[in-house]
Every structure is written in C-alpha cells, then in structure tokens.
Amino acid sequence: MISVLDRCRERSDRDRIALPLLNSFRALLNSSDARSVFLDSANALQSVAATLDLQNSRCKIVTLEILSALCVFSDQSHGEVIRALTDVSPLLGERKRFQKLVDDLHRPRSSDRESERVRTAVMSLINAILKSGISEHSLEFRLHLRYELLMLGVQDVIDRLRDSHGSALQDHFDLFEMMRQEDEMEMSSNVDSGSSSPVDFENPAGMAEALTTKLNNTVALPHFISLLQHMLMIPGDEKHIHLWRLFDMLLQQLSLQTTMGQMSTEVEPSLVQIDIDQALSRLKTQNDYEMLEKELAEANEELEMERKRVIELENRISDLQDDAFSRISDFSSSPSDPCHSPTPTILSTSTSSLPQVRPPACGPPPPPPTAAQLRSGSISALNVPQKNVPKPPATLRTLNWNVLPLNKIKTTIWEKMDDEKVYKNLDLEELAENFVAGKGHKDNDTESIYGTLQRKMRTDTLVSVIDSQRSQNCTIMLSKLKLTNKEIRTAMLTMDEKGKIPKDMIEQMLKYVPTRDEMTLLKEAVEKYKSPAVLAIADRFLLEVGQIPRYEQRLKCLHIMRTYKERVEELLPCINSVTKASTSVSSNKKLKQLFAIILAIGNYLNYGKKAGNASGFAVTSLNAVAGVKNAVRCDRNLMHYVVGLVDQKYPELLRMQREMSGVFEAARCSRPEMEQELRLIEASLRVVFTELRAQEKILEEEELEMKENLENNNEEGETKLKRRRTVKGDKFIPIVKVFVNEARMQFKEMEKIHAEMNSKFFDCARYFAADAPGCSPDDFFGIFAKFLNTIAECQQQLWDERDEIERVKKQTMARKVFAKKGRGRRQQRNSDQDFEKLISALQSGEIFSEDLCRLRSSFRVTPRKKILVQ
C-alpha cells in the first residue's frame, strides 16, 4: 500500500487512487497492532504526510485527520509526526517547514463549506502538535514550534478568517490564541523585565526593553548593545533580506541547542551545523585572552602613571635645588669681598734685569647665573641687571614671551623704563590669587557672555512693522518650513523643481502673501534704517518674497501643479470603478437568474393581490425581500428562504458575489461630485495657462523695449529696463509650459474616460429600468451592495445553524468515547479506542474542551496587531 501510495503521486489521476488508500490507512489505525506496525515502518508516515501536496480536498482532510490523531496518542507518535513533516518538506517544495499547512489554511476552496472543513482539519493538526507529546511538558518546545508557525504568517490568517466560519473552527482559533497568551505570560514571568505588565511579544521595542532589563548589570549587556549597533548598520531592503534570514537561522539554531539539547532536531532541522559546546569552548578561550589583555593594559597604564609621578618629583627636586643655589649665590656675591691676587711665579734666572710685574687690580666678581638662565643656556643673560621684582607667595601661571637681549634695548622704548614703581599700585595678593598655577578657567567666558548679550541686544532691537499676530503666525510657519529666505526665493523662481517646499506648506504660504500696504511699510523701514537686517524674521520674509515678480500668482500656480497629480489619482479610480461595476452588473447572467427566482417567489406571494402578476421590479425593491418575515421562525425572513433555495438548487449563483465585488467601490462614488471635481481641475489648469500667457507677454514686451532702447541708444531707459527685467534664474515659463502641455493631454484623456463612464452607467441604469439622467452611482450601486451584504449575512446564518447541528452530533459521539472520568487523558489516548471517534473529537474540538474552558475563564481573545512576516 505504501509503494502504491508513493507511485500514485506521479500519475495524473492520483487523487482518485490516493483517497481509498488513505481511507484504508485510517481504518487500519483503529487497531493497536496496526498502529504499532504503521509507526515502526520507516516510510509509512512519510508517505502519508507527502499526500498533503494533493489538491483534492477530501484527500487532504483525511491526511490531516490521520496526522492529528497520531499526535495525541503518545510522545513517540507525536515526535514521529513532526519528524515526518520535516522529512517531506523538500518533497512538498516548502521554503520552511509547515508552510503547506499555513498555505492550506489561507487558500480558499471551490466552496465555502469545503474551505471550512480543510481549515478545521489544519487547525486540528496545529493544535495537536502544540498541545500533545513533548509540547505538553516543555514550554521551550512549544514556543519554538509556535514561533516557527508565526513566522509563516499563521496569526495573520487567523485574524483574517476569524468570525467568518462555524463555531468548531472558532474554537480551534481560540485555543491557539489562548495557549499563545498563556505561554507568553509564562515566558514573561521567567524574564525579569522589571515591570508589572507582561512583555509584549509583538512589539520589538517592548522585547528589547525587557531584554535590556534582564541583561542589565551582567557581562552580556555590552555584547547585546554591540549586536544592536551592528544590526542598525545593515539595510533592510530586499537585497539584504537573506542576511537577516541567516541571522534568524543562526540564532534559532543556537537557542535550540541551548534550551532543547538533543531534541533540537525535532523542533526544527539544523539548517546551519553549529556545535555549541565547541563554540562556547573557543569563546571561553577568547574571553580568557581578552581578560589577560585587559590586565596587561591596566598594568601598562599604572606603569605610565608611575613614570609621570617620577618626572614630577624630579622637576620639584630640580626647582628646590635651583632655589637653594640662588640663595647661596646671594650670600657669596657681596661687593666687599676682595679679589685674591695670583701667586707670583719664582724664576730661576735673575730678576734684576727684568721689570717688576704687578698684579692687575680687579673689581667685584659678577653675580652667579640663575637657574633659569642656566637652563636656557643664555650667556648674554649674565650681564642683564636684576630687576627689583617682589616675590609671589606661590607659583603663578607662565607668560610665554620672548625676552629681548640687552644689546637691543638701547635707543628703544624700553631704555630707562622705570617699571618697578608700578608694583606700588598693584594688589599683589589679588594678582597672585587670580593667576596661581594649576587653576583652569575658560578664556572665552567673557567673550561668550559678551556675544550672548550682543545677540540678545540685537534680537530686542529688531524692527517689525506688520501686525503682531500675523508676524507671530508667519514666524511659526517659517520655523516649520526650515528654509532660508534665499532658498525660498530660489524655489519660487525655479517653481520648486527640486521639491524642497512640502505641499501642505505651500497652502500655508498662500496665507502670508505680502499686501501693498505691508510692502510700503517694509520699504520705508529699510530706507529709514539703511539696511534690511534690522527687520524681524517675518518682516524680512515678506520683504524678500514681495520682490519676486508676481509672487502670489507664482505661488498659486505652484500649488496647482503640486496637487494636480494627487487630484487626478483620486478621481480616476472612482471613474474606473463605476465603469467596471456598470459592465459587471449589466452583463452578469447569474444576477439575471437570481432576479428571475425572486420575481417568481414574489408573484407567488402576491398572487391575487394588487402587486401580483408582476413582470419585473425596480432595483430599489431588492432590499424589501429581507423585510418579509418568516411565519414559523421570527429570526428568519424571505431572504433566508431565497438563499437556502439557491444554496440547494442553484449553488453556482452564489459565485455572483465575487463577480460583482466592484459594486462596493462604485457605491462610494457620486456623479455630481466627480463632475464638480472635473470642472475644478479644468479651472485650475486655466489659471495656470493664463498666468503662463501673462508671463510670456511681459517677457515679450521687455525684449521689445530693450531692442528699441538699443536702437535709439537710450541708456537711461535701458538701465531702468534692466532693473525691471525678470530676475536671473527665473524658470517659470519653461517649467510651467511643460506642465501645461502634459496636464492638458492627461485631462483630455480623463474627460474621454469620464464620458465613457457616463455612457456605460446610463446604459446599465436603463438596463435595470432606473432613471438614468437623475441616477447617481452611489445610489444605484449602493442598492446592489446592500443586497449582496444581506445575501452574505443570511448565508452565514444558515451555515452556522447547520454547523451547530453537526457540532452537537459530534460532541454527543465524543462524550461516549470519553465517558469514564476516572481515567486521565494519557490513558484515554493510549487505550485501544476507536480511531474514527478520536478523529471526530479532534475535529469538533471536544478533546481540548477542558483546556478551552480553563483558558476561556482566564483569557479573552482580543484582536492582535499584524506581525510583519518576510
């Protein structure tokens, strides 16, 4: 059977062959001996799991039921199912394991009923994987499996499908989300987040904050910060998405080996081969090396500090020696000390013939050089006379100047300079206190304070001649604009071709166009103070923009050019939606058949009455169908009957809802509003075109006058014309001309599409016997939108009622299976019970009823924020 099942996947009629084989496996698994043989087989479970690739819904449902039922029997079978889904992942063409399950949960089938059955089977398997076997005892195991499913987008699918199916599927959705909340709360309690509120596992900022608190005051915090710093440098575009996936795989593999050990391969296959023990050993060796290197650096730093202390001590000793030498020199250099004569030399020859030699007279010896002079090596300093300078009480700061030698003092201002008398007028104690060595101060404090006062004085003396409230509001607008007056002037002359001025700021600038009276006052202020620098910020702005040629007209044209594309993009979809809806509604054959059914039922109900024997009805009467109440059940009406009849007899008519989905968009479009917007766009283009012609006429007149002045050699007129001529860098004409040409062509195309829309809409309205000239799309298609919504609501109510009946039947059967309360859940799973009844209990959710009741008493399902999944 296994080999036949494997081979049938290669055939075109594989669905027809696989279904009876899967049913046979399902029947054999009712026996405990058959289950043992099936689980012991090397390829049996993998072959069954591989049939998830089949498109037939019945085959897929049987496969999912077999796998989910095996999950709840034992830890061994639970692990075998996960391993089988892992092994067949490459055969199914999955990018990630469990991707096929999420795809089946997301993909709709040929009918809503069939889609719900497949989705219920998928959620049964997912909940069985997360609630049974090893997952039941290990929080880490559950979290790894659930995060793997969340990365595939299972939460987004659940949020989209919620409240759109029967109660059984809703129970599975509730169980998945409530188990997730319970696990996340348990995980939050294990993480010391430092806050009473639980960690938000969907908020990156919340998780980063919790992780920061957990790692605070630990040796791991610097590495976490470094990890975030390096991740900030990596782009998040599609080109680098593979790098982020690599980080994800590495971290998953490391966390799996850390928390799960040998069971990590059962959670997820090892995509990257990493031996965490060997990695930790190498990292420990590196950490020891870094510690030794740090100690060596500290020792070197201490050695350097000791060297600096030695140098300082040597300097102090040298200074003390210099002072002592100076004092000794002062005592030994008295002017009264005699100069000893040299000892005369006694010659062996006769002295009578030689003249007597007397020793020369010598004056007092010069004073010994000071320590500073000895260190500088200045020989000329020995002959410099000593100044009578008072001794300071402490070492003062150094004045680094160049001393003039004595031979350069003569005939200069320094000659006969009596500077020693100055000390009598100085407070030497204050001088020493202010310039004692070792005390630092900021040399530029006075300058900074003076500059601040000057700036404050300049701010206070600025002149404003416009209204104070208008000036304040204009200043606030300029602070948001964040452009200088020069940049604003350049942008206006070039019609903001670089897009520096935001669109909303152009609207604000239109409120602050200088008037003639304001320009007069501003010019008078400039003439009075001889400079525009004295003007306040708003006044200076109004003066600058007031000098731009035709500033107000330019600004209006710029606003029209910047908003034109947005207005067209808002109008075109509305026109296209009405055109599309008109075509789909008027050409829909299913709608025509449904109208025939409603007409027949209405004539039957109105038989013999004034409203009977009708040949047709107005579209406004569609919503009156739901107003006919059911005589047997107060919660039912005629629309429920029509929908039930169509579901049983004409099921293909219900596809009409998808084919006519465009009416919902068209129901929001008003024809008068579209026509009004079209005329406003046309008027704005006319304003731009008129200003373009005016600018071109001014330019032509200036060029003509310039030519006449050149011919008549009128230098005075030429000078005036140059002052009045359009300023340099003005690009209004070329830029606006290009815009006008393109906008006209686009507007003509839009008018053509609008005319086509009116034609098709009027044809559609006339097709349904509506007043075409006085009808608007929002009213006309609003009737169909409400009608389709009513059909969908009635259809869902009927399906819910059928599902509830089927659910009650399954619960009754499941209670018979699990009637004995004395046995635990594990004994119920391992017993030789009916496999079919266990599958029914899984599909109905009865097997998880105890957990669901417990969780519902503690949690309430709330809409979740969407998780971005790559």
Side-chain angles (χ1 to χ4, degrees), residues 106 108-120 157-174 577 581 584-585 588-602 604-605 617-668 768 777-808 861 863:
H106 172 76
R109 301 289 163 177
S110 57
S111 65
D112 293 339
R113 175 63 180 163
E114 188 176 333
S115 300
E116 183 175 355
R117 290 189 60 193
V118 174
R119 288 165 178 166
T120 303
V157 180
I158 291 176
D159 294 340
R160 184 177 60 82
L161 298 178
R162 179 167 289 282
D163 300 329
S164 62
H165 290 285
S167 55
L169 186 56
Q170 298 303 320
D171 287 345
H172 282 292
F173 288 160
D174 291 346
S577 64
S584 62
V585 170
N588 197 299
K589 296 181 180 180
K590 297 182 179 64
L591 179 63
K592 183 178 181 179
Q593 190 173 358
L594 181 61
F595 272 36
I597 296 173
I598 296 175
L599 179 62
I601 296 175
Y604 179 78
L605 295 178
F617 55 87
V619 291
T620 54
S621 303
L622 287 174
N623 298 320
V625 179
V628 181
K629 300 297 182 181
N630 192 303
V632 179
R633 295 185 54 177
C634 60
D635 59 339
R636 294 288 184 264
N637 54 50
L638 182 59
M639 185 62 77
H640 289 93
Y641 176 82
V642 173
V643 172
L645 176 65
V646 171
D647 193 14
Q648 293 179 4
K649 305 295 184 179
Y650 313 96
E652 69 279 357
L653 297 185
L654 296 178
R655 300 177 187 173
M656 168 192 64
Q657 302 177 60
R658 297 179 183 175
E659 298 173 359
M660 296 176 56
S661 59
V663 299
F664 297 99
E665 186 68 27
R668 292 192 285 266
F768 287 95
D778 53 346
D779 298 330
F780 181 76
F781 293 115
I783 298 173
F784 288 96
K786 185 177 181 181
F787 177 65
L788 294 177
N789 285 332
T790 305
I791 291 178
E793 292 174 1
C794 294
Q795 187 178 17
Q796 187 61 45
Q797 291 175 7
L798 294 176
W799 284 352
D800 291 344
E801 183 178 355
R802 296 173 190 172
D803 292 338
E804 186 64 25
I805 295 173
E806 187 176 354
R807 174 181 168 82
V808 171
V861 178

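For this chain, numbers begin at 1 and follow the sequence in order.
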Stepwise, does the side chain to side chain contact (heavy atoms under 4.5 Å, CB included) test hold for Gln797 with Trp799? CA-CA 5 Å; Gln797 291 175 7; Trp799 284 352; over 6 Å; no
Check step by step if side chain to side chain contact (heavy atoms under 4.5 Å, CB included) holds for Thr120 and Glu116.
CA-CA 6 Å; Thr120 303; Glu116 183 175 355; 4.1 Å; yes
Exercise for review: Applying side chain to side chain contact (heavy atoms under 4.5 Å, CB included), run through Gln657 and Gln795 and close with a yes or a no.
Suggested key: CA-CA 12 Å; Gln657 302 177 60; Gln795 187 178 17; 3.2 Å; yes
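- To the nearest 0.5 Å, atom CZ of residue Phe173 and atom CG of residue Asp159 are 9.5 Å apart.
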Stepwise side-chain hydrogen bond (donor to acceptor under 3.5 Å, both in side chains) check, Arg160 with His106 | CA-CA 9 Å; Arg160 184 177 60 82; His106 172 76; 3.0 Å; yes
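- The CG atom of Leu788 sits 11.0 Å away from atom CG of Leu654, with the distance rounded to the nearest 0.5 Å.
- Listed here is the closest heavy atom pair of Leu645 and Ile597: CD2-CG2, 4.2 Å.
- Asp803 has a carboxylate O that lies under 4.0 Å from a charged side-chain N of Arg113, or vice versa, which qualifies the two as a salt bridge.
- Heavy atoms only, all atoms of each residue included: Gln170 and Leu161 are closest at NE2-O, 4.0 Å.
- Paired with Ile601 under the rule side chain to side chain contact (heavy atoms under 4.5 Å, CB included), one option of Ile598, Leu599, Leu605 passes, and it is Leu605.
- Contact between Ala667 and Ala785 at its shortest, heavy atoms only, is CB-CB, 4.4 Å.
- Remark: side-chain polar atoms of Ser111 are paired, donor with acceptor, to backbone N or O of Glu114 under 3.5 angstrom.
- In this structure, Phe784 and Phe595 have parallel ring planes: the angle between them is below the 30° cut-off, well short of the 60° mark.
- Counting non-hydrogen atoms of other residues, nucleotides and ligands closer than 6.0 Å to CZ of Phe617 gives a total above 12.
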Start with the C-alpha gap between Asn789 and Glu793, add the side-chain angles, then the distance that decides, and say whether side-chain hydrogen bond (donor to acceptor under 3.5 Å, both in side chains) holds.
CA-CA 6 Å; Asn789 285 332; Glu793 292 174 1; over 6 Å; no
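- Electrostatic pairing of Asp647 and Arg802 counts as a salt bridge here, judged by a charged N lying under 4.0 Å from a carboxylate O.
- We find the CE-CG distance between Met639 and Asn630 to be 14.0 Å, quoted to the nearest 0.5 Å.
- Heavy atoms only, all atoms of each residue included: Ala581 and Ala666 are closest at CB-CB, 3.6 Å.
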Fill in: Residue pair Val663, Phe787: steps toward the side chain to side chain contact (heavy atoms under 4.5 Å, CB included) verdict
CA-CA 11 Å; Val663 299; Phe787 177 65; over 6 Å; no
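- Scanning both residues, Thr790 and Ala626, for their nearest heavy atoms gives CG2-CB, 4.0 Å.
- Side-chain contact between Arg636 and Leu798 is present, with at least one heavy-atom pair separated by less than 4.5 Å.
- With respect to the salt-bridge test (charged N to carboxylate O, under 4.0 angstrom), the residues Asp174 and Arg162 qualify.
- Side-chain atoms of His640 come within 3.5 Å of backbone atoms of Asn637 as a donor-acceptor pair (strictly under, hydrogens ignored).
- Of all non-hydrogen atoms in Ile791 and Met656, the two that sit nearest each other are CD1-CE, 4.2 Å.
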